[in-house]
Amino acid sequence: MDAFQALDSRRTVRQYQADYKIPKDILEKIVNVVLKSPTACNVQEIDLIVVTKKDLLTQIEKVALPSFPDKLQDSFNQRKSQLGVQNVITCDASCVIFLVKNSRADPTFTAIDTGIVSMAIMVAARDFGLDSMCLGCLLWGDKSKTEELIGANKGDLVMAVAIGKARSD
């Protein structure tokens, strides 16, 4: 698949094959190419934390969801019945890549660099036939518990992207 096809066929998916595991070599290729993403002044201020353990993704759902406003919690919880997913935040994606700023982060450019890196993850995943979903919701409310679970410093989580294989239905 060329870059244009990857961009053109990318879509947000909220129903993943819960039992699908992304092969380790594919995840490594995605991460390696994403780490080459351009950044302002070539600072490379975004680090990636790759989580594939379902139990950790479940723990993240359990600490993140209660920090959302009530109406938003209700909306997310409806995904169980509406979409048939177990994890209402990740929608049962095989992997979540967390973007965290590092010590070189410059607040002037962090949002721009986060967008570039996020899109690079989604396009790279698409090239391998995988689907994606931005998880900006993990930035709502108190994200410190999520940061603690993934081993990030408080205040450093700037985005998360779920990737996996879409369900056929």
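Everything numeric in this text was worked out from a predicted model, so none of it was measured.
The minimum heavy-atom distance linking Q73 with L65 is given by the pair CG-O, 3.1 Å. Closest non-hydrogen pair, L138 versus L157, comes out as O-CD2, 4.0 Å. When all heavy atoms of S118 and L99 are compared, the closest pair comes out as OG-CD2, 3.5 Å. Between F98 and V51, the shortest heavy-atom contact is CE1-CG2, 3.6 Å.
A side-chain donor-acceptor contact under 3.5 Å links T110 and E45. N42 and Q44 share a donor-acceptor pair across their side chains, judged by distance under 3.5 Å alone. Checking N87 against D92 by side-chain atom types alone, no donor-acceptor pair falls below 3.5 Å.
With values rounded to the nearest 0.5 angstrom, C95 atom SG is found 7.5 Å from I30 atom CD1. Note: T58 OG1 to K54 NZ = 8.0 Å, rounded to the nearest 0.5 Å. In this structure, CE on M133 lies 11.5 Å from CE on M122, to the nearest 0.5 angstrom. Distance check: S37 OG to D113 CG gives 9.0 Å after rounding to the nearest 0.5 Å. Atom CD1 of I22 and atom CG of L27 lie 4.5 Å apart (nearest 0.5 Å).
Summarising the local packing, NZ of K145 is surrounded by 12 or fewer heavy atoms from other residues, nucleotides or ligands at distances under 6.0 Å.
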### Chi angles and distances behind the side-chain contact (heavy atoms from CB on, under 4.5 Å) call for I89, F76
CA-CA 7 Å; I89 291 179; F76 272 76; 4.3 Å; yes
### Task
Could you please spell out the steps behind the side-chain contact (heavy atoms from CB on, under 4.5 Å) verdict for S94 and K21?
CA-CA 6 Å; S94 306; K21 293 184 193 289; 5.8 Å; no
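With respect to the salt-bridge test (charged N to carboxylate O, under 4.0 angstrom), the residues R126 and D131 qualify.
With hydrogens and angles disregarded, no donor-acceptor distance shorter than 3.5 Å links the side chain of Q15 to the backbone of V85.
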